[in-house]
Enquirer: 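Sharing a structure with you now.
On a predicted model such as this, the values are computed, not experimentally measured, just so you know.
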Amino acid sequence: MYSIDPTADPYTRFDPAVMRAADFYHVLAASVVPRPIAWVSTRSSAGILNLAPYSFFTVASTKPPIVQFNSVGHKDSWRNITETGEFVVNIGTETLIDPINATSESFPYEIDEFTQAGMNPHDSDVLAVPRVAEAPIAFECVKHTIVEMGNCSLIFGRVVNVVVASAVLAKDGLPDFSKVAPPTRLGRSEWGLVPSTVTRVRP
């Protein structure tokens with residue numbers, strides 16, 4: 001449990017102006033937690049499938065519905081989305097932690113990560129890019145905007161279709177957090193599992 005010793009300076013300071021960017025990245029990643037994972041599937045213009053996880057991920061707009069993930073550097077996902085304008089954000093489960101983690105490896109561009117991770121591509125309803133058959137939720141997206149910021153690319157996608165496995169829906173028709181059981185990323189090599197929850201009605 002966090003507590004402060006009033007007899008001493010209780011803080012350690014991290015200055016990005018003097019630290020290596022790679023070291024300061026670890027401070028950010030260990031502090032901004034937990035982070036949901038966008039397991040992004042894309043297809044190259046040559047037809048090669050790519051699958052990669054991104055933990056800098058959130059909703060950017062609700063009208064129109066836009067999701068956003070942040071690619072540190074120009075990776076294969078960025079290249080494919082730039083070329084084809086399509087991608088799928090898959091939401092995995094705790095049981096998929098190992099294949100999600102496996103697809104974080106920097107494979108050569110011509111390697112199909114679906115095959116490497118033992119995952120099955122499933123045709124999307126709207127896009128030419130497949131979703132992950134084993135993932136319970138998939139957001140089919142078309143490229144909205146890519147913003148270059150520092151050493152990162154912020155990739156915004158307009159959601160054109162969402163597919164949710166009926167087995168993870170609650171009685172109100174929405175995804176049930178405990179049934180989806182999505183893993184999250186923490187700092188270092190740590191992953192978060194489904195935590196206990198509380199309910200608060202918004203005022």
Side-chain angles (χ1 to χ4, degrees), residues 1-41 51-62 65-78 81 87-107 113 117 132 135-137 139 141 144-157 159 175-178 180-203:
M1 179 67 70
Y2 169 73
S3 63
I4 293 178
D5 179 358
T7 64
D9 183 349
Y11 301 103
T12 298
R13 291 163 177 81
F14 301 89
D15 186 347
V18 298
M19 294 177 65
R20 292 174 59 248
D23 293 332
F24 198 76
Y25 163 85
H26 291 296
V27 177
L28 293 171
S31 302
V32 183
V33 292
R35 298 187 306 281
I37 301 167
W39 202 13
V40 177
S41 53
L51 186 59
Y54 295 88
S55 68
F56 295 168
F57 161 58
T58 191
V59 175
S61 170
T62 59
I66 294 174
V67 294
Q68 175 246 314
F69 71 94
N70 187 343
S71 174
V72 181
H74 288 168
K75 299 178 180 178
D76 291 344
S77 301
W78 171 90
I81 294 167
F87 64 97
V88 178
V89 172
N90 302 276
I91 305 299
T93 69
E94 289 181 353
T95 59
L96 296 173
I97 284 179
D98 287 334
I100 293 172
N101 187 55
T103 56
S104 67
E105 183 176 341
S106 296
F107 291 101
E113 278 92 350
V132 177
I137 302 176
F139 294 87
C141 304
H144 180 275
T145 310
I146 297 180
V147 178
E148 301 298 328
M149 184 174 296
N151 67 337
C152 295
S153 297
L154 281 68
I155 300 174
F156 297 86
V159 180
D176 186 309
F177 178 65
S178 63
V180 178
T184 57
R185 282 291 285 121
L186 308 175
R188 307 170 188 83
S189 297
E190 297 175 325
W191 291 66
L193 304 180
V194 175
S196 58
T197 62
V198 296
T199 300
R200 298 287 186 274
V201 178
R202 294 175 62 176

Enquirer: Is there side-chain contact between N70 and Q68, with heavy atoms separated by less than 4.5 Å?
Expert: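 Answer yes - side chains close enough.
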Enquirer: Hey, is CG on D15 packed in by over 12 heavy atoms from elsewhere, all under 6.0 Å?
Expert: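 Buried by this count: over 12 neighbours within 6.0 Å.
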Enquirer: Show the nearest heavy-atom pair for residues G73 and S71, with the distance to one decimal.
Expert: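 What the structure gives for the nearest pair is O-OG, 2.7 Å.
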Enquirer: Supply the atom-to-atom distance I100 CD1 to W191 CH2, rounded to the nearest 0.5 angstrom.
Expert: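 Between atom CD1 of I100 and atom CH2 of W191 there are 5.5 Å.
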Enquirer: Determine the minimum heavy-atom distance between A38 and V89, stating which atoms define it.
Expert: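 Scanning both residues completely, I find the closest heavy atoms to be CB-CG1, 3.7 Å.
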Enquirer: OG/S153 to NZ/K75 distance, rounded to the nearest 0.5 angstrom?
Expert: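 Here the interatomic distance stands at 10.0 Å.
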Enquirer: Could you give the distance from CH2 (W78) to CD1 (I146), rounded to the nearest 0.5 Å?
Expert: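 Separation between the atoms: 7.0 Å.
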Enquirer: Under 4.5 Å between any side-chain heavy atoms of S77 and Y54, yes or no?
Expert: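 The answer is yes, as the side chains (C-beta and beyond) meet within the 4.5 Å cut-off.
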Enquirer: Taking distance alone, no hydrogens or angles, what donor-acceptor pairs closer than 3.5 Å link side-chain atoms of residues 22-32 to residues at least two apart or in another chain?
Expert:
{"residue": "D23", "atom": "OD1", "partner": "R20", "partner atom": "NH1", "Å": "3.1"}
{"residue": "D23", "atom": "OD2", "partner": "R20", "partner atom": "NH1", "Å": "3.2"}
{"residue": "S31", "atom": "OG", "partner": "V27", "partner atom": "O", "Å": "2.7"}

Enquirer: Taking atom OG1 of T58 and atom CD1 of I66, what is their separation to the nearest 0.5 Å?
Expert: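 Between atom OG1 of T58 and atom CD1 of I66 there are 12.5 Å.
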Enquirer: If every non-hydrogen atom of I91 is compared with every non-hydrogen atom of A135, which pair is closest and at what distance?
Expert: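 Of all heavy-atom pairs spanning I91 and A135, the closest is O-CB, 3.5 Å.
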Enquirer: Is there a side-chain contact between F156 and C141 in this structure, where contact means two heavy atoms from C-beta onward sitting under 4.5 Å apart?
Expert: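 Side-chain contact under 4.5 Å: no.
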Enquirer: Which heavy atom of V194 sits nearest to which heavy atom of E94, and what is that distance?
Expert: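 Of all heavy-atom pairs spanning V194 and E94, the closest is N-OE2, 2.6 Å.
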Enquirer: Please examine the side chains of F177 and P195, heavy atoms only from C-beta on, and report whether any two atoms are closer than 4.5 Å.
Expert: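 With C-beta onward as the side chain, the pair touches.
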Enquirer: Taking all heavy atoms of V147 and all of T145, pick out the closest pair and write down the distance.
Expert: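 Nearest heavy atoms, V147 then T145: CG2-CG2, 3.8 Å.
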Enquirer: Do I97 and L193 touch side chain to side chain, with heavy atoms closer than 4.5 Å?
Expert: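 A side-chain contact exists here, since the closest heavy-atom pair is under 4.5 Å.
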Enquirer: Indicate yes or no: at least one non-hydrogen side-chain atom of F57 is less than 4.5 angstrom from one of R35.
Expert: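 When only atoms from C-beta onward are counted, R35 and F57 do not touch, as no gap falls below 4.5 Å.
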Enquirer: Quick one: CH2 on W39 to CD1 on I137, what's the gap to the nearest 0.5 Å?
Expert: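 These two atoms lie 13.5 Å from each other.
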Enquirer: Using side-chain heavy atoms (C-beta onward) and a distance below 4.5 Å, is P182 in contact with I37?
Expert: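 No, too far: nothing below the 4.5 Å cut-off.
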Enquirer: Answer whether the closest heavy-atom distance between the side chains of L51 and N90 falls below 4.5 Å.
Expert: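 Of all side-chain heavy-atom pairs linking N90 with L51, at least one is under 4.5 Å.
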Enquirer: What closest approach, in Å, do G187 and V33 show between heavy atoms, and which atom pair accounts for it?
Expert: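 Heavy-atom minimum between the residues: N-CG1, 4.0 Å.
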Enquirer: Rounded to the nearest 0.5 Å, how far apart are CG of D76 and CD1 of I81?
Expert: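 Spacing of CG (D76) from CD1 (I81) equals 10.5 Å.
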